[in-house]
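In what follows, a structure is listed as structure tokens, so that the remarks can point back to it.
For the single chain, residues carry numbers from 1 onward in sequence order. The figures that follow rest on heavy atoms only: side chains count, while hydrogens, waters and symmetry mates do not. Read the numbers this way: they start at 1 and go in the same order the structure lists the ligands and their atoms.
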Amino acid sequence: MELIILRLGHRPERDKRITTHVGLVGRALGAKGMLLTSNDKGIERSLREVTSSWGGDFFVQTGVKWKEEVTNWKREGGKVCHLTMYGENILDVIGELRERAVKLMVVVGAEKVPYAVFEAADWNIAVGNQPHSEIAALALFLDHLQEGKELKTKFADAKLEIEPKRRGKAMKVNET
Ligand code: SAM
């Protein structure tokens, strides 16, 4: 399944670290890229650096208009799922989503999300109906969706690769 993240409402003065982590989680857990409504080039730069060392081709596009992105995505046959504590419980709909979505845009908010997003989404999904965090919600959502398979992903053209060990740390530095 093709997955992208749409991050709404990023406030450059408050949300830098959280939005960077949304991108890191998206990249590590199988998304192709992240669209950001804010024009924060710092986020783009940090994630590009991570990708350049750790591989893959995760993209970040800043300054997007969410309505335009959602409309274009749907026109191309994509589905949209908005993560919100007000939505249907993930365990009740994740099977339907796996069956119906081939391309999926996963929307996460920061501050109050416009009601139009709830209306535009094909699914409003709660990762439990309690308030918590967009980073946690995204990680659990991607993991449930892919049934844990994403945790074994190998990233192409990685300069740095960890050699998993029971104890200690081992890293391979690849020639590129
Ligand atoms: N007050 C905001 C609102 O009314 O939507 C929520 C702020 S919350 C810290 C930021 C984002 O985390 C939300 O927009 C949502 O994407 C995600 N989030 C928080 N709790 C969630 C939950 N239980 N299930 C799914 N997503 C959640």
Side-chain angles (χ1 to χ4, degrees), residues 1-44 46-47 50 58-74 76 78-151 153:
M1 186 187 299
E2 180 183 339
L3 293 165
I4 65 162
I5 315 298
L6 172 62
R7 165 66 159 159
L8 299 179
H10 165 86
R11 296 153 292 184
E13 66 294 348
R14 289 183 54 172
D15 293 327
K16 269 189 196 317
R17 204 169 141 77
I18 292 191
T19 301
T20 305
H21 282 218
V22 165
L24 288 173
V25 163
R27 175 188 169 274
L29 303 187
K32 262 182 73 171
M34 175 171 73
L35 305 172
L36 185 56
T37 50
S38 157
N39 205 3
D40 191 332
K41 294 285 177 205
I43 307 276
E44 205 175 319
S46 335
L47 287 159
V50 171
F58 188 81
F59 71 84
V60 178
Q61 197 180 331
T62 55
V64 306
K65 294 195 166 56
W66 77 260
K67 261 188 200 157
E68 242 175 70
E69 295 299 332
V70 165
T71 307
N72 292 341
W73 184 256
K74 285 184 155 184
E76 292 162 11
K79 300 280 184 199
V80 176
C81 132
H82 168 220
L83 301 186
T84 164
M85 66 179 176
Y86 301 104
E88 294 179 278
N89 191 291
I90 184 170
L91 297 181
D92 298 330
V93 284
I94 198 77
E96 175 190 330
L97 217 135
R98 262 191 231 113
E99 271 171 31
R100 289 188 43 210
V102 177
K103 280 161 68 83
L104 186 66
M105 177 184 281
V106 187
V107 184
V108 293
E111 52 185 353
K112 198 170 166 38
V113 171
Y115 195 70
V117 174
F118 288 74
E119 291 181 322
D122 296 288
W123 295 275
N124 289 288
I125 295 190
V127 181
N129 294 98
Q130 297 293 319
H132 51 85
S133 131
E134 50 272 53
I135 304 170
L138 179 64
L140 282 165
F141 173 78
L142 291 174
D143 188 59
H144 273 69
L145 180 69
Q146 299 168 97
E147 300 175 295
K149 294 184 189 78
E150 78 289 351
L151 297 175
T153 305

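The single protein non-hydrogen atom nearest to atom 23 (N) of ligand 1 is Gln130 O, 2.6 Å, given as residue, atom name and distance. In this structure, atom 15 (C) of ligand 1 lies nearest to the protein heavy atom Leu83 O, 3.0 Å. Here the protein heavy atom with the shortest distance to atom 8 (S) of ligand 1 is Ala110 O, 4.0 Å. Closest protein heavy atom to atom 24 (N) of ligand 1: Val127 N, 2.9 Å. The protein heavy-atom contact nearest to atom 20 (N) of ligand 1 is His132 N, 3.1 Å. Of the protein's heavy atoms, Glu134 CA, 3.8 Å lies nearest to atom 17 (C) of ligand 1. If you check which protein heavy atom lies closest to atom 11 (C) of ligand 1, you get Gly109 O, 3.3 Å.
In this structure, Arg14 places its CZ atom where only 12 or fewer heavy-atom neighbours from other residues, nucleotides or ligands lie under 6.0 Å away.
Ligand 1 places these atoms under 4.0 Å from at least one heavy atom of Thr84: 24 (N), 25 (C), 26 (N). The atoms of ligand 1 that sit less than 4.0 Å from any heavy atom of Val113 are 14 (O). Here is the list of ligand 1 atoms found below 4.0 Å of a heavy atom in Ile125: 25 (C). Here is the list of ligand 1 atoms found below 4.0 Å of a heavy atom in Ser133: 12 (O), 19 (C). Counting the atoms of ligand 1 from 1 in the order shown, those under 4.0 Å from a heavy atom of Ala137 are 25 (C), 26 (N), 27 (C). Atoms of ligand 1 found under 4.0 Å from any heavy atom of Val108, numbered from 1 in the order shown, are 16 (O). Taking a cut-off of under 4.0 Å to the non-hydrogen atoms of Gly128, the atoms of ligand 1 that pass are 22 (C), 23 (N), 24 (N).
Panel note: side chain Asp122, backbone Val80; a donor-acceptor pair is recorded below 3.5 Å. Using modelled atom types, no side-chain atom of Glu69 and backbone atom of Thr37 make a donor-acceptor pair closer than 3.5 Å. No donor-acceptor pair under 3.5 Å is formed between the side chain of Asn124 and the backbone N or O of Leu83. Judged by distance alone, with hydrogens and angles left aside, the side-chain atoms of Arg7 form no donor-acceptor pair with the main-chain N or O of Leu35 at under 3.5 Å.
Looking at Arg11 and Glu13, no side-chain N of the basic residue comes within less than 4.0 Å of a carboxylate O on the acidic one, giving no salt bridge.
Two residues are said to be in side-chain contact when any heavy atoms from C-beta on lie closer than 4.5 Å; Leu47 and Arg27 fail this criterion.
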Could you give the side-chain donor-acceptor pairs of residues 90-102 under 3.5 Å, partners two or more places apart or in another chain?
unit_1 : atom_1 : unit_2 : atom_2 : d
Glu96  : OE2    : Arg100 : NH1    : 3.1
Glu96  : OE2    : Trp123 : NE1    : 2.9
Arg98  : NE     : Leu145 : O      : 2.8
Arg98  : NH2    : His144 : O      : 2.9

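Across the listed options Lys112, Arg7, Met85, His82, Met85 owns the non-hydrogen atom lying nearest to atom 21 (C) of ligand 1.
The ring-ring contact (aromatic ring centres under 6.0 Å, His included) check on Phe118 picks up His82, Tyr115, with sequence neighbours excluded.
Of all heavy-atom pairs between Ala110 and Gly9, the closest is CB-O, 3.3 Å.
Using a 4.0 Å threshold on non-hydrogen atoms, atom 1 (N) of ligand 1 does not count as touching the protein.
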